[in-house]
There are 2 protein chains.
Amino acid sequence: MSEQKSWTLKSIAKELGISNATVSNAFNRPDQLSKKRREEILESCQKLGYSGPNKAAQSLRKGQSNIVALVLPDSVEYMISDPVASDFVKGVSSVLEKSNVNLLLFSGASENINAVSDFVDGFICYGSPRNPNLVEQLRTTAKKVVTADFDIDRKASVGIDNEQAAYDISKLAIKSKNDDIAILGLRLLDSNLTCRVYELPDDEGTPSIAHKRLAGYQKAIKEHGAELRNDRIWNIPKSSHEVALIAAREALTSTPRPNVILCMSDLIALAVLQEICAMGLNVPNDIRVVGFDGIDEASRSTPPLTTVHQNSEEKGNMAAELFINRATNAVVIPYHIEIGHTVNSN
Amino acid sequence: MSEQKSWTLKSIAKELGISNATVSNAFNRPDQLSKKRREEILESCQKLGYSGPNKAAQSLRKGQSNIVALVLPDSVEYMISDPVASDFVKGVSSVLEKSNVNLLLFSGASENINAVSDFVDGFICYGSPRNPNLVEQLRTTAKKVVTADFDIDRKASVGIDNEQAAYDISKLAIKSKNDDIAILGLRLLDSNLTCRVYELPDDEGTPSIAHKRLAGYQKAIKEHGAELRNDRIWNIPKSSHEVALIAAREALTSTPRPNVILCMSDLIALAVLQEICAMGLNVPNDIRVVGFDGIDEASRSTPPLTTVHQNSEEKGNMAAELFINRATNAVVIPYHIEIGHTVNSN
DNA sequence: CTGTTAGCGCTTTCAT
DNA sequence: ATGAAAGCGCTAACAG
């Protein structure tokens with residue numbers, strides 16, 4: 001059973017006494033030879049233990065591999081346990097599997113897409129990669145690119161209307177012009193620091209997702225006639241419970257203590273909730289909190305979080321479909337506000 | 001900035017007026033030319049927008065790609081949200097990233113490893129793939145193979161001593177020769193059915209992980225002088241809450257009702273716990289339950305589950321290291337019994 | 001329907 | 001230190 005001879009298209013053709021083009025055609029272009037002939041050849045190959053043209057050579061020749069790189073925001077190790085990212089991967093892979101396309105996980109912390117670029121048919125990027133050089137490389141690559149939750153020039157993309165969603169949720173959280181509002185932002189700065197954002201860098205190019213959300217918050221704040229002090233915005237560099245806790249603590253121990261906290265992710269909001277609870281304060285009476293994402297855990301927290309729910313798996317499906325259809329348009333998918341008990345208790 | 005000309009080693013060599021061997025050496029074999037010369041060349045390449053040898057061609061030529069396929073037990077879509085599988089992936093990727101090796105996720109439900117075999121340096125397999133043909137293909141491939149939580153002939157492997165662990169945990173659960181024991185097995189049969197296992201197929205070849213655990217259970221049962229009726233073993237085809245619930249219900253509604261339930265995964269045990277609770281019964285007073293795996297959720301359940309804890313991330317690390325070191329040995333890693341309140345209430 | 005052949009882009013002897 | 005040339009295994013014109 002364990003056939004050791006390793007055949008090539010050429011050697012198998014010689015063995016069968018036919019030309020290699022015929023063997024190639026038998027495997028790749030059924031219309032180029034009679035059905036009967038084809039089946040004979042395929043059967044002989046199987047019998048001899050030749051499992052078809054070498055894919056690496058085929059890919060070199062055809063420039064197509066049926067592999068797509070999924071570029072994660074950060075290292076695989078880090079992202080694989082993030083519920084939002086996992087859902088996205090799930091969505092992508094479920095669509096790709098149907099088309100027999102395989103998925104290469106690629107870290108957003110990598111130095112260079114070149115390591116895999118020649119192997120894949122293109123890139124699906126979930127969120128802005130931690131290494132900003134990758135964005136530049138993705139912008140200039142000749143391969144297909146689809147982005148989700150961020151944009152690159154004229155590449156296909158999928159995501160929700162972040163500004164509108166942020167506006168909607170903060171509209172709910174803010175109740176009076178006297179509210180003291182704090183914003184816990186996710187990657188507002190291009191920095192690893194967990195710190196206050198006194199002034200924002202001028203937004204060159206496409207605004208990031210964080211900036212869009214911020215714009216939505218600010219619009220709602222203005223409409224309420226409330227004010228956002230310039231020491232009330234925090235930058236959280238990555239989606240991690242530990243880091244979020246640090247920022248939460250900093251915000252909650254600032255004086256005067258804010259009574260509305262707008263969080264750019266549920267993970268952050270959950271950390272805030274935990275910290276508020278530890279301080280013996282009450283949500284929503286003392287402090288109102290809203291999140292962003294709508295992860296399962298947010299609905300199971302006490303109190304359940306009021307947040308923007310977006311369907312990450314569906315987003316993954318969409319991204320994969322855009323990729324397969326070689327689309328170049330920007331798709332905006334719906335979101336909904338999930339009413340918990342962190343704004344109104346009833 | 002967006003250099004459109006796409007260079008090849010040949011064309012860039014001509015442009016620079018040097019031989020292509022020299023360019024190749026500049027990139028791959030620093031010892032073959034003077035440091036100064038090399039740096040000049042590299043700099044010129046960068047300036048012209050040539051980012052180095054095409055990896056696909058390089059891989060065809062060298063037979064090495066720095067990509068490894070991670071073969072999951074089932075579809076990516078399905079496995080990515082499984083906490084145990086995710087931890088394993090995390091462990092694998094954290095080690096591989098350090099060696100600049102990329103990870104291709106491969107579904108255990110695929111038809112054929114050929115789809116990716118020629119692209120990768122080998123396979124790391126987590127658990128027995130759902131499609132048994134893959135096992136045969138992995139057995140005969142010339143590529144490197146490392147398995148985790150199951151074995152293939154003489155391939156490197158990593159895992160715990162499943163029989164001993166099953167023995168240890170069931171030794172704890174069983175208390176008298178009169179105990180009425182049920183076993184909820186995971187993939188005891190090569191079938192998609194959730195059903196009782198009246199008789200086990202003769203174990204040809206290497207016993208599966210499920211069979212090893214079963215052997216451990218049986219040994220403990222025998223030592224206690226208890227009996228395992230032949231209608232007391234269930235087969236659960238896949239690790240899913242829904243399917244586990246069905247089996248749990250079937251076991252718990254059988255007459256007489258078993259008072260000890262040995263589960264081959266925590267997911268199953270949690271479903272059992274949920275069902276017992278729904279029936280208004282008490283754990284451990286009415287029924288004792290033990291699991292297998294030690295997922296986080298098991299320690300947070302009420303009551304917390306008594307189970308075998310194995311470190312999946314560490315297992316992933318180990319698998320990746322075995323792969324990189326081209327090992328061929330079987331590594332047995334430690335486990336520990338996690339004492340919850342599903343055997344004794346105190 | 002079949003065979004011949006020129007590459008895809010690269011690495012690696014071997015000779016210079 | 002460098003250049004010429006033979007492939008790695010395959011596909012797609014093209015000619016028959």
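Just so it is clear: chains get the letters A, B, ... in the order the sequence lines come, proteins before strands, and each one is counted from 1. Hydrogens, waters and symmetry mates are skipped; everything else that's a heavy atom, side chains included, is used.
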[X] side-chain proximity, nearest of [options]:
X	options	value
A:Ala21	C:dT11, D:dA13, D:dA1	D:dA13
A:Arg61	D:dT2, C:dA6, C:dG9	C:dA6
B:Asn25	C:dT2, D:dC8, C:dT12	C:dT12
A:Lys62	D:dA12, D:dT2, C:dG9	D:dA12
A:Pro53	C:dT4, C:dT11, D:dC10	D:dC10

TODO: Name the nucleic acid region contacted by B:Leu33, choosing base, sugar-phosphate or nothing; use a 4.0 angstrom heavy-atom cut-off, strictly under.
DONE: sugar-phosphate
Open item on the list: By the 4.0 Å heavy-atom rule, please label B:Ser34 as base, sugar-phosphate, or nothing.
Closed with: sugar-phosphate
Using only side-chain N and O atoms of [X], determine if any of them is under 4.0 Å from OP1 or OP2 of [N].
X	N	value
A:Tyr50	D:dG9	no
B:Arg29	C:dT12	yes
B:Gln58	C:dG9	no
B:Ser24	C:dT11	yes
B:Thr22	D:dG3	yes
B:Asn28	C:dT11	yes
B:Ser19	D:dG3	yes

To the nearest Å, give me how far apart [atom1] ([X]) and [atom2] ([N]) are.
X	N	atom1	atom2	answer
A:Asn20	C:dC1	CG	P	19 Å
B:Lys10	D:dA5	NZ	C1'	10 Å
A:Asp118	C:dG9	CG	C1'	9 Å
A:Asn54	D:dG9	CG	C1'	6 Å
A:Glu40	C:dC1	CD	P	12 Å
B:Asp31	D:dT2	CG	P	13 Å
A:Ile18	D:dG16	CD1	P	22 Å
B:Phe119	D:dC10	CZ	P	12 Å

Open item on the list: Would you say that A:Asp82 contacts A:Ser239 through its side chain, given a criterion of any heavy-atom pair below 4.5 Å between the two side chains?
Closed with: yes
Open item on the list: Just so I know, are the side chains of B:Thr22 and B:Leu16 near enough to count as touching, which here means a heavy-atom distance under 4.5 Å?
Closed with: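 Result no, sub-4.5 Å side-chain heavy-atom pair not found.
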Open item on the list: Please find the pair of heavy atoms, one from B:Val158 and one from B:Met318, that lie closest to each other, and give the distance.
Closed with: CG2-CG, 3.6 Å
Open item on the list: When you measure from the centre of the six-membered ring of A:Phe323, is the NZ or CZ of A:Lys144 closer than 6.0 Å and no more than 45° off the axis?
Closed with: yes
Open item on the list: Do A:Gln58 and A:Asn28 pair up side chain to side chain, a donor and an acceptor below 3.5 Å, judged on atom types alone?
Closed with: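 A donor-acceptor contact under 3.5 Å links the two side chains.
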Task: B:Ser94-B:Asn317 side chain donor-acceptor pair, cut-off 3.5 Å - done: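 Side chains of B:Ser94 and B:Asn317: pair found under 3.5 Å.
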Task: Whichever of B:Leu60 and B:Ile41 has its nearest DNA chain D nucleotide further upstream toward 5' - done: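 Nearer the 5' end of the strand: B:Ile41.
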